Amino acid sequence: MNIDLVIHNTLSNKKEKFEPIEDGYVGMYVCGPTVYSDVHLGNCRTFVSFDIIYRYLKYLGYKVRYVRNITDVGHLEGDVDTGAEDKISKKARLEKLEPMEVVQQYTVGFHDIMRILNTEAPSIEPRATGHIIEQIEMVQAIIDNGFAYEKNGSVYFDTIKFAKDKDVYGQLSGRILEDLMVETRELNNQSEKNNPADFAIWIKADESHIMRWNSPWSVGFPGWHLECSAMSTKYLGKTFDIHGGGNDLKFPHHENEIAQNFGACGCQPANYWLHTNMLLMNGKKMSKSIDPETGVSNSITPQELFTGNNPNISKAFSPMVIRFFMLQSHYRSTLDLTDAALVAAEKGYRRLMEANKVLQNFAAIENGAAGDLDKEINLLIDKTHSEMSHDFNTPMAMARLFELVPKVNGLKEGHLSFSDLTTDTLDRLKQVFSDYIYTIFGLKDELDSASSGNSSMDGLMQLVIELRQGARENKDWPTSDKIRDTLAELEIQLKDGKEGTSWSKI
RNA sequence: GGUCGCGUGGCCGAGUGGUUAGGCAGAGCUCUGCAAAAGCUUGUACGGCGGUUCGAAUCCGUCCGCGACCUCCA
């Protein structure tokens, strides 16, 4: 495709033309979840956003190696200096499980949700515990290069020396080292770090710590930031194209990751850094604490969303409606999840999918004249592509599809004429809908109203519809309306159209 | 307190200084036995105050309000 892809790079805070290191190939690393509890809906937004990016890069013809890790060790709760505990270990201790049982349970749960949301699996999904050797080697390399020091079996990254040597620390997050030193000085003065801005890359394990490995420095475990540096380097090389993650990982996680890569390899790990914004709920960051006024917590899990079992929503919403909802905002903007917004998304989703069905069922046409309608449709299609290529602007691309919907319906209803279209344009229109809806946006036809997928149910409904039709032909309105109203109580809606009656579950 | 970002019509949400974002809701119409569903058409906007410009939702200043990060977080 002859379109320049423009990407907003957090590193420069500018939109830049995307140019891969190797023509035709893209290496992309995205920070995955820490599997110590059920996946949070906010995580889902990030992974759906990168799924769209992955899909679009492939659509543009790139061969993409997409690496997304699973963090199963090293992610601490609290501060290292004041007795922090590994999140996985803590969960294992509380539930009397092996740490790897915790990891397995939540990894499976995570994959289930990702599959339900129709995200494609990454090319490689490496785990931190599977790359302890690589992480130890990286620690050693950083020590050898003089950017880390050992204290009592733990190894710390020497942030001050690094900042003096290479002028990159703070570039990504916009942080100034002097400020960081001042801010954190009071918090931990009994630390064994040389400087409060230093961070642990290898941590000596105390007796209570169950996840531990041998290393040249101590029996211990790697620091959280290290796994991404080690695994991205292993699978994508010292410098690769795209590194992504949630906004809240910018600092300290990504900043420290860059420092580690420089420390070990002497170079910037990724040319383009992409950060997704937060998902809010009712205007606020999701939180599990209970609001004293309403008695309701401002949070929701994917499962609750799919079942409607949460006080913040009025009904269940299907996975594709959630995906559609996410597509309607840009990945770098916050997105506010409200019941009304989801209801709106559901209707919009249905309208788009219905129009697509109508479009794909159009029969082949005689080649018509390339008039105004033809031009208008081609212009909208061109815009769809160019806007999507402008920093993956899904809401704009989506808006163009919605502008094409009345054209499709107009052709179907007959007030627009196929004779104003060339066969090429109709084919192109079919192609762009199918490409965007299925291939790029990753939506599925889950609300297909014509059928329940259950043959006895379908047969039964066919019978009921025929009986009602008979009553209607006899102008027996009480019988006809009784059938309609009773079905409505059973949450089945009848839709009387020109070509007969169809039904769907409400 | 420090750093960064945001304030767009009833709601959600795009916007790359200059011609309609889009979705939902509302209104009108078509279809219908009546409805529903579906389709078509359509009104309402850029937090306040200054400034730059021929022209500002978009750039600058300022004030007000909100949020994120700085501690685990996607």
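As the structure is a computational prediction, the values presented were derived from the model and not from experiment. Just so we're on the same page: letters track the sequence lines, and every chain starts at 1.
In A:D167, the CG atom is not crowded: 12 or fewer heavy atoms of neighbouring residues, nucleotides or ligands sit closer than 6.0 Å. Around the CG atom of A:D372, the shell of radius 6.0 Å holds no more than 12 heavy atoms that belong to other residues, nucleotides or ligands.
With both pairing distances under 3.5 Å, B:rG55 is matched to nothing as a Watson-Crick or G-U wobble pair. Figure legend. B:rG61 is base-paired to B:rC49; pairs are counted as Watson-Crick or G-U wobble with both atom distances under 3.5 Å. Summarising the base pairing, B:rC24 is matched to B:rG10 through a Watson-Crick or G-U wobble pair whose two defining distances lie under 3.5 Å. Base pairing of B:rG39: its partner is B:rC29, meeting the Watson-Crick or G-U wobble criterion (both donor-acceptor distances under 3.5 Å). For B:rA68, the paired nucleotide is B:rU3, the pair qualifying as Watson-Crick or G-U wobble because both relevant distances are below 3.5 Å. In a base pair of the Watson-Crick type (N1 to N3 plus N6-O4 or O6-N4) or a G-U wobble (N1-O2 and O6-N3), with each distance short of 3.5 Å, B:rU44 is matched with no nucleotide. Base pairing analysis places B:rG17 opposite nothing; no Watson-Crick or G-U wobble pair with both distances below 3.5 Å involves it.
A:F199 and A:H225 have perpendicular rings, their planes meeting at more than 60° on a 0 to 90° scale where under 30° would count as parallel. Taking the six-membered ring where tryptophan is involved, the planes of A:F324 and A:F402 are perpendicular, since the angle between them exceeds 60° and thus also 30°. Using bins of under 30°, 30° to 60° and over 60° for the plane-to-plane angle, the ring pair A:Y272/A:F18 lands in the tilted bin. Under the 30°/60° scheme for interplanar angles, the aromatic rings of A:H254 and A:H243 are found to stand perpendicular.
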Under-3.5 Å N/O pairs linking protein and nucleotides 28-30 of chain B:
none

Could you run down the sub-3.5 Å N/O contacts of the protein with nucleotides 13-15 of chain B?
from, atom 1, to, atom 2, distance (Å)
B:rG13, OP1, A:D336, N, 2.8
B:rG13, O2', A:Q328, O, 3.1
B:rA14, OP1, A:H330, N, 2.8
B:rA14, OP1, A:S333, OG, 3.0
B:rA14, O3', A:N393, ND2, 3.4
B:rG15, OP1, A:N393, ND2, 3.1

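With P as the reference atom, B:rU20 and B:rA45 are 15 Å apart, rounded to whole Å. Comparing the P positions of B:rC72 and B:rC59 gives an interatomic distance of 34 Å, to the nearest angstrom. Rounded to whole Å, the P atom of B:rC70 lies 47 Å from the corresponding atom of B:rA37. Atom name P, nucleotides B:rC60 and B:rG26: the rounded distance is 40 Å, in whole Å. Comparing the P positions of B:rU62 and B:rC4 gives a spacing of 13 Å, expressed to the nearest Å. Comparing B:rC12 with B:rU71, their C1' atoms sit 33 Å apart, to the nearest whole Å. Between B:rG50 and B:rC64, the distance separating the two C1' atoms is 15 Å to the nearest Å. Taking the C1' atom of each, B:rC6 and B:rA38 are spaced 38 Å apart, rounded to whole Å.
For A:L249, the listed nucleotide lying nearest its side chain is B:rA74; candidates were B:rG39, B:rA74, B:rC34. Relative to the side chain of A:K495, the nucleotides B:rC11, B:rA37, B:rG33 differ in distance, and B:rA37 lies closest. Between B:rA37, B:rG23, B:rC40, one nucleotide has an atom nearer to the side chain of A:A344 than all others, and that is B:rG23. Comparing B:rA74, B:rG33, B:rA37 against the side chain of A:D248 picks out B:rA74 as the nearest. The listed nucleotides are B:rA37, B:rC40, B:rA21; the one nearest the side chain of A:A399 is B:rA21. Of the candidates B:rA21, B:rA36, B:rG33, B:rG33 carries the atom nearest the A:R484 side chain, counting heavy atoms from C-beta on.
In this structure, A:L494 atom CG and B:rG33 atom P are separated by 16 Å, rounded to whole Å. Following rounding to the nearest Å, A:E376 (CD) and B:rU20 (P) show an atom-to-atom distance of 13 Å. Summarising the geometry, the separation between CG on A:D339 and P on B:rC11 is reported as 16 Å, rounded to the nearest angstrom. With rounding to whole Å, A:M326 atom CE is found 14 Å from B:rC12 atom C1'. Between the CZ atom of A:R468 and the P atom of B:rG33 there is a distance of 11 Å, given to the nearest Å. Put simply, CG on A:L280 is 14 Å from C1' on B:rC69, counting in whole angstrom units. Rounded to whole angstrom, the span from the CG atom of A:D485 across to the P atom of B:rA37 amounts to 14 Å. Distance NE2 (A:H415) to P (B:rC31): 14 Å, rounded to an integer number of Å.
Put simply, A:N409 has a side-chain N or O that comes within less than 4.0 Å of OP1 or OP2 on B:rC40. Contact annotation: A:R351 side-chain N/O to B:rG39 OP1/OP2 distance is under 4.0 Å. For B:rC72, neither phosphate oxygen OP1 nor OP2 lies less than 4.0 angstrom from any side-chain nitrogen or oxygen of A:K87.
Between the side-chain ring of A:W477 and the base of B:rG33, a stacking contact exists by the 5.5 Å and 30° definition.
Residues A:R472 and A:D496 are paired through a salt bridge, judged by an N-O separation under 4.0 Å between the basic side chain and the carboxylate.
A donor-acceptor contact under 3.5 Å links the side chain of A:D496 to the base of B:rA35. With hydrogens and angles ignored, a donor-acceptor pair under 3.5 angstrom links the side chain of A:D481 to the base of B:rG33. In the interface, the side chain of A:R350 is not paired with the base of B:rC24 through any donor and acceptor atom under 3.5 Å apart.
Applying the side-chain contact (heavy atoms from CB on, under 4.5 Å) criterion to A:N13, with sequence neighbours excluded, gives A:H8.
Counting any heavy atom pair closer than 4.0 Å across all strands shown, A:K383 reaches a base atom. In this structure, A:G42 reaches the bases: a heavy-atom distance under 4.0 Å links it to at least one base atom across the strands shown. Among the heavy atoms of the strands, none lies under 4.0 Å from A:H253. Within the nucleic acid shown, A:M278 comes within 4.0 Å of at least one base atom, counting heavy atoms only. Residue contacts shown for A:K475 are absent, as no nucleic acid heavy atom lies under 4.0 Å away.
Shown here for A:A341 and A:F325, the closest heavy-atom pair between the two residues is CB-CE1, 3.7 Å.
Judged by the 6.0 Å and 45° rule, A:R68 forms a cation-pi pair with A:F47. Both the sub-6.0 Å distance and the 45° axial angle are satisfied by A:K315 relative to the ring of A:F317.
In this structure, A:Y436 has its ring center closer than 6.0 angstrom to the ring center of A:H385.
Defined by atom type and a distance below 3.5 Å, a donor-acceptor pair is present between the side-chain atoms of A:Y169 and A:N256. Judged purely by distance below 3.5 Å, without hydrogens or angles, the side chains of A:S434 and A:Q360 never pair a donor atom with an acceptor atom.
Remark on RNA chain B: of its neighbouring residues A:E413 and A:P252, the 5'-side contact belongs to A:E413, judged by nearest-heavy-atom nucleotide.
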